[in-house]
Colleague: 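Once you've had a glance at the structure underneath, I'll fire off some questions.
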There are 2 protein chains.
Amino acid sequence: MTTNNHAHLHQIHTHIAGPAQHAFEAAGGHWTVMRKSVFEAVAAEGAPRTAYEITDHVSSALGRKIGANTIYRILELFIEHNLVSRIESQNTYVACDHPQNPADCIFLVCSGCGKTTHLDDQATSEQVRALATATGFTPDRMVIEANGRCVGCSL
Amino acid sequence: MTTNNHAHLHQIHTHIAGPAQHAFEAAGGHWTVMRKSVFEAVAAEGAPRTAYEITDHVSSALGRKIGANTIYRILELFIEHNLVSRIESQNTYVACDHPQNPADCIFLVCSGCGKTTHLDDQATSEQVRALATATGFTPDRMVIEANGRCVGCSL
DNA sequence: AAACAAGCGTAATGTTATAACATGTATATG
DNA sequence: CATATACATGTTATAACATTACGCTTGTTT
Ligand SMILES: [Zn+2]
Ligand SMILES: [Zn+2]
Ligand SMILES: [Zn+2]
Ligand SMILES: [Zn+2]
């Protein structure tokens, strides 16, 4: 019975699931109400959000006060599972649109309007990795960000 | 007399000056005791340091308690003048060895020992800039960092 | 049932960064 | 020299970002 229930729930979940949930569960993670809510908060807007903005969003969505550490825990988990990226120069978090395959995401952050563009360019990230490797360094995670002005703000 | 004094002091300063001081003064900056002390704190060790570590170091050096904002002000100034770089993924600051010419510095940060290697590779940084520009973005400052393991820690 | 691990709650604290306003210091000018 | 002015720093407080420690609940394993 327990097995049946679990199978049933799993089926429902995967049925509703977006790619993020699917990838997360495929890796053995549990797509709880809390985690679902955090992911929706991160993915909600185009703009990246700070951990405390996400905290407020989730608190509103769930109708009760959520502690910041709960959010940080889940963000860290999501980053490990490639569902979320942290933008280091902004202290913000953004949902990845490619949870299936890890990537060295590149972000263009506009200092005018805050709009952030997400790029994946393997040739570029590989060049950085190669440069690091050439020195004997073993790279793990890449941080490639450009701060400047978007098209709309460059006037 | 005032003019004489100034000329004299200036001569002494430039005589002792390292490249950083020289470049800073050439750009019209004043190499005050405070700024000198902050620069020495940043440059003191190979490892990058946090703003509060620098604050403590400077406080010790001057024998009195310095406020964190004083340090942040000067770090910002140094970054603008290309004397210091901020490592975004670590919240640390490191002295630049090329104050004369601005560069898109690349940092390799070891997660084992904290050792940070500073690279300048224009081909790589230009590729990132070109990628950004191709989207209509106008890049200003680049952030290119690799987190991983240095030679000594990769065993 | 008992043992165990995962997930989250709660509160406190630590760390990094900035704001607002006062005071001091160098330099120019009359 | 006196005074005006801009620059530099001091002081205090607070904001913003992140982690620690501990306990409770729930689900899973034995
Ligand atoms: Zn990506
Ligand atoms: Zn913009
Ligand atoms: Zn450099
Ligand atoms: Zn190392």
Side-chain angles (χ1 to χ4, degrees), chain A residues 1-10 13 24-25 27-39 41-42 48-56 58-59 61-81 84 86-93 114, chain B residues 1-10 13 24-25 27-39 41-42 48-59 61-81 84 86-93:
Chain A
M1 186 179 89
T2 304
T3 305
N4 266 347
N5 259 342
H6 176 264
H8 181 59
L9 287 172
H10 184 69
H13 281 163
F24 186 68
E25 291 183 330
H30 293 190
W31 195 253
T32 66
V33 171
M34 189 70 239
R35 289 171 183 184
K36 178 176 189 286
S37 185
V38 171
F39 186 80
V42 180
R49 326 190 99 185
T50 70
Y52 278 82
E53 285 171 349
I54 294 165
T55 301
D56 290 345
V58 170
S59 295
L62 299 184
R64 62 201 168 87
K65 181 68 178 171
I66 304 299
N69 67 336
T70 294
I71 304 301
Y72 278 105
R73 275 194 290 241
I74 295 175
L75 286 174
E76 185 181 10
L77 186 68
F78 281 174
I79 290 169
E80 285 166 0
H81 284 78
V84 164
R86 173 177 157 85
I87 301 180
E88 296 291 346
S89 63
Q90 308 298 118
N91 299 336
T92 55
Y93 302 84
Chain B
M1 187 179 86
T2 304
T3 304
N4 265 347
N5 258 343
H6 175 264
H8 181 58
L9 287 172
H10 185 70
H13 281 163
F24 186 69
E25 291 182 330
H30 293 190
W31 196 252
T32 65
V33 171
M34 189 71 239
R35 290 171 183 183
K36 178 175 189 285
S37 185
V38 170
F39 186 81
V42 180
R49 326 191 101 187
T50 69
Y52 279 82
E53 286 170 350
I54 294 164
T55 301
D56 290 345
H57 189 283
V58 170
S59 294
L62 299 183
R64 61 200 166 87
K65 180 69 178 170
I66 305 298
N69 66 340
T70 294
I71 305 301
Y72 278 104
R73 278 193 286 240
I74 294 175
L75 287 173
E76 184 181 14
L77 185 68
F78 282 174
I79 289 171
E80 286 166 0
H81 285 78
V84 164
R86 173 177 158 83
I87 301 179
E88 296 290 346
S89 63
Q90 308 299 116
N91 299 337
T92 55
Y93 303 83

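Just so we're clear, the structure is a prediction, and the values are computed from it rather than from any experiment. Every chain is numbered from 1, with letters handed out A, B, ... down the list of sequences.
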Colleague: Judged by each residue's nearest nucleotide on DNA chain C, which is more toward the 5′ side, B/Arg86 or B/His30?
Modeller: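 Closest to the 5' end, via its nearest nucleotide, is B/Arg86.
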Colleague: Looking only at non-hydrogen atoms, find the nearest pair between B/Thr55 and B/Ala51 and report the distance.
Modeller: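 So the two residues come closest at OG1-O, 2.7 Å.
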Colleague: Taking only N and O in the side chain of A/Thr70, is any of them less than 4.0 Å away from OP1 or OP2 of C/dG9?
Modeller: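 Result: yes.
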Colleague: Between B/Arg73 (CZ) and D/dT9 (C1'), how many Å, whole number?
Modeller: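 My rounded result for the distance is 6 Å.
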Colleague: Assign each of B/Asn69 and A/Leu77 to its nearest nucleotide of DNA chain C by heavy atoms, then name whichever residue's nucleotide is nearer the 5' end.
Modeller: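 The residue closer to the strand's 5' end, by nearest nucleotide, is A/Leu77.
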Colleague: For B/Ile54 and B/Arg49, run side-chain contact (heavy atoms from CB on, under 4.5 Å): C-alpha distance rounded to whole Å, both residues' side-chain angles, the deciding distance at 0.1 Å, then the answer.
Modeller: CA-CA 6 Å; B/Ile54 294 164; B/Arg49 326 191 101 187; 3.9 Å; yes
Colleague: Heavy-atom distance under 4.5 Å between the side chains of B/Met34 and B/Ile66, does that happen here?
Modeller: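 Side chain of B/Met34 against side chain of B/Ile66, heavy atoms only: contact under 4.5 Å found.
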Colleague: Could you give the CD-to-P distance, from A/Glu76 to D/dC17, as a whole number of Å?
Modeller: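 Computing the A/Glu76:CD to D/dC17:P distance gives 18 Å.
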Colleague: Parallel, tilted or perpendicular: which describes the rings of B/Phe78 and B/Trp31, with under 30° parallel and over 60° perpendicular?
Modeller: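 Geometry flag for B/Trp31 against B/Phe78: parallel rings.
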Colleague: Rounded to whole angstrom units, what separation is found between the CG atom of B/Leu75 and the P atom of C/dA17?
Modeller: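 Distance, rounded to whole Å: 9 Å.
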Colleague: How many Å lie between CD1 on A/Ile74 and P on C/dG7, as a whole number?
Modeller: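 Distance, rounded to whole Å: 9 Å.
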Colleague: Rounded to whole Å, how long is the line connecting atom OH of A/Tyr72 with atom C1' of C/dT13?
Modeller: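 Those two atoms, OH and C1', are 14 Å apart.
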Colleague: Would you say whether B/Tyr52 stacks on C/dT15? The test is a distance between ring centres of less than 5.5 Å and an angle between planes of less than 30°.
Modeller: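 Base of C/dT15: not stacked against B/Tyr52.
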Colleague: Measure the distance from CD on A/Glu88 to C1' on C/dA17 and round it to the nearest whole Å.
Modeller: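 Going from CD in A/Glu88 over to C1' in C/dA17 covers 16 Å.
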Colleague: How close or far is atom P of C/dC8 from atom CE of A/Met34, stated in whole angstroms?
Modeller: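 So the two atoms are 7 Å apart, to the nearest Å.
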Colleague: Rounding to a whole Å, what distance do you find between B/Asn91:CG and C/dA17:C1'?
Modeller: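 For the pair B/Asn91 CG and C/dA17 C1', the rounded distance is 10 Å.
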